[in-house]
Amino acid sequence: MREKAVNRLIFPLDVSDLSEARRWVKRLKGLVGVFKIGLELFTAAGPSAVEMVREESGADIFLDLKLNDIPATVAGAVRSASRLGVDMLTVHMFSGRWAVREAARAAEGGLKILAVTILTSLSRADLMEVGYSPELSRDIREAALRLANLAYRCGVHGVVCSAKEVAQIKEAFPHLVTVVPGVRPEWMASSADDQKRIASPREALLSGADYLVVGRPIREATDPREAAERILEEMAQALADKA
């Protein structure tokens, strides 16, 4: 189960310096199945960040740009990402049905398109503030399920959602890959930072998550490799219990 746990662990390279990102890749090589390149690093280093991860590790590459634009622009960005050879790419559901559908159609070479439902940093109050109806904002799980339904109909490979919604989404759409951020092990559960809908690795996996995004618990640990090992142990046990 350890190998399966490694394959399901995503570490975000949330830094703005390519050299620092390289140090993290080298430090965690063999403990992480997927390295995530987000807006901060990609804005700073561009495609060089993708090349670095490929050179330094055998891990998959998750380009987390949360594309949110008109359909033609989104499709063009997806084609460019396909040429980079990344394995996963995010598009935001708030870009609408047609943009997400074009993203799915434009993916080439095995690139998996993941649709972002509702950011794990958003609460009910945040949703109401940006215009969500009181009915949907009262039940974030229902709002996320609606977006997952739309994502499924657009032909994407999977969705990004919180652990609070993943069970409902998996039950309705078992073939969608689910990527869950906001994962915090119990030994640092009190540190939610800017994430508002969090869960432990065990809770997330038992709820149906396929991949876990774990950043701060590893990055802020005194010994990052030891922290990653502890998380992998928890993940492996959860996978064994679920089997």
Side-chain angles (χ1 to χ4, degrees), residues 1-45 48-50 52-53 56-66 88 90 114 116 118-123 126 160-166 178-207 209-239:
M1 289 298 176
R2 177 185 165 79
E3 184 178 353
K4 289 185 177 180
V6 171
N7 291 338
R8 292 177 179 227
L9 180 58
I10 299 175
F11 180 77
L13 297 169
D14 290 339
V15 296
S16 59
D17 180 79
L18 189 60
S19 296
E20 185 179 358
R22 188 187 302 274
R23 285 193 292 272
W24 277 109
V25 172
K26 288 183 175 181
R27 182 180 292 153
L28 297 175
K29 183 177 179 180
L31 298 177
V32 171
V34 184
F35 284 103
K36 183 169 80 73
I37 298 171
L39 289 169
E40 183 178 5
L41 181 58
F42 198 73
T43 300
S48 295
V50 175
M52 180 275 292
V53 174
E56 297 292 349
S57 77
D60 285 350
I61 301 172
F62 176 12
L63 190 57
D64 185 21
L65 301 184
K66 299 179 179 68
M88 296 185 284
T90 46
L114 305 174
V116 177
I118 297 175
L119 298 176
T120 50
S121 60
L122 297 179
S123 66
D126 296 323
V160 180
C161 62
S162 91
K164 306 301 182 184
E165 300 102 42
V166 68
T178 51
V179 176
V180 173
V183 175
R184 300 288 184 266
E186 292 181 357
W187 37 269
M188 69 165 296
S190 61
S191 178
D193 42 76
D194 58 352
Q195 301 282 16
K196 296 178 181 176
R197 302 191 330 277
I198 64 173
S200 71
R202 178 177 179 81
E203 290 171 331
L205 287 174
L206 292 180
S207 295
D210 292 301
Y211 293 92
L212 306 185
V213 182
V214 185
R216 287 184 180 93
I218 297 174
R219 191 168 53 249
E220 297 178 359
T222 304
D223 186 336
R225 283 191 67 88
E226 181 186 19
E229 289 281 9
R230 291 179 66 183
I231 290 166
L232 288 172
E233 288 176 11
E234 184 176 342
M235 292 174 65
Q237 185 59 58
L239 291 171

What one should report as the nearest heavy-atom pair of Ala21 and Leu41 is CB-CD2, 3.8 Å
Would you list the atom pairs, donor with acceptor, under 3.5 Å between side chains in residues 56-65 and any protein atom, with sequence neighbours excluded?
{"from": "Glu56", "atom 1": "OE2", "to": "Arg22", "atom 2": "NH1", "distance (Å)": "2.8"}
{"from": "Ser57", "atom 1": "OG", "to": "Val53", "atom 2": "O", "distance (Å)": "3.1"}
{"from": "Ser57", "atom 1": "OG", "to": "Ala59", "atom 2": "N", "distance (Å)": "3.2"}
{"from": "Asp64", "atom 1": "OD1", "to": "Lys66", "atom 2": "NZ", "distance (Å)": "3.2"}
{"from": "Asp64", "atom 1": "OD1", "to": "Thr90", "atom 2": "OG1", "distance (Å)": "2.6"}
{"from": "Asp64", "atom 1": "OD2", "to": "Lys36", "atom 2": "NZ", "distance (Å)": "3.0"}
{"from": "Asp64", "atom 1": "OD2", "to": "Lys66", "atom 2": "NZ", "distance (Å)": "2.8"}

Here the gap from Phe35 atom CZ to Leu9 atom CG, rounded to the nearest 0.5 Å, amounts to 9.0 Å
When Leu212, Val183, Val214 are each screened for side chain to side chain contact (heavy atoms under 4.5 Å, CB included) with Met235, the one that passes is Leu212
One should read off an interatomic distance between Arg230 CZ and Asp223 CG, to the nearest 0.5 angstrom, of 10.5 Å
Closest heavy-atom pair, Val180 versus Ser162, reported as atoms and distance to 0.1 Å, is CG1-C, 4.0 Å
Discussion item. Tell me if a side-chain donor or acceptor on Arg184 pairs with a main-chain N or O of Pro217 at a distance below 3.5 Å.
Written reply: no
Sequence neighbours excluded, the answer for side-chain hydrogen bond (donor to acceptor under 3.5 Å, both in side chains) partners of Asp17 is none
Checking Ile10 against Met88 for the side chain to side chain contact (heavy atoms under 4.5 Å, CB included) test, could you report, in this order, the C-alpha distance in whole Å, the side-chain angles of both residues, the deciding distance, and whether it holds? CA-CA 11 Å; Ile10 299 175; Met88 296 185 284; 4.3 Å; yes
Output for pair (Leu232 CG, Glu3 CD), nearest 0.5 Å, gives 12.0 Å
Are the side chain of Glu234 and the backbone of Ile231 linked by a donor-acceptor contact shorter than 3.5 Å? no
Note: Ala228 and Leu28 closest approach over all heavy atoms is CB-CD2, 4.4 Å
Lys/Arg cation over aromatic Trp24: Arg219, 6.0 Å, 45° cone:
no
Interatomic distance, CG@Leu206 vs CZ@Arg202, rounded to 0.5 Å, equals 5.0 Å
Of all heavy-atom pairs linking Ala236 and Met1, the shortest is O-CB, 3.7 Å
Taken to the nearest 0.5 Å, the spacing of Cys161 SG from Ile118 CD1 works out to 10.0 Å
Working for side chain to side chain contact (heavy atoms under 4.5 Å, CB included), residues Val213 and Val179: CA-CA 7 Å; Val213 182; Val179 176; 3.7 Å; yes
May I ask you to test the Leu205-Arg8 pair for a side-chain heavy-atom distance under 4.5 Å?
-> yes
Interatomic distance, CD@Glu229 vs CG@Leu31, rounded to 0.5 Å, equals 5.0 Å
| message | Please check this pair: side chain of Asp210 against backbone of Thr178, looking for a donor-acceptor N/O pair closer than 3.5 Å. | response | yes
Residue set satisfying salt bridge (Lys or Arg N to Asp or Glu O under 4.0 Å) with Glu226, at least two apart, ordered chain then number -> none
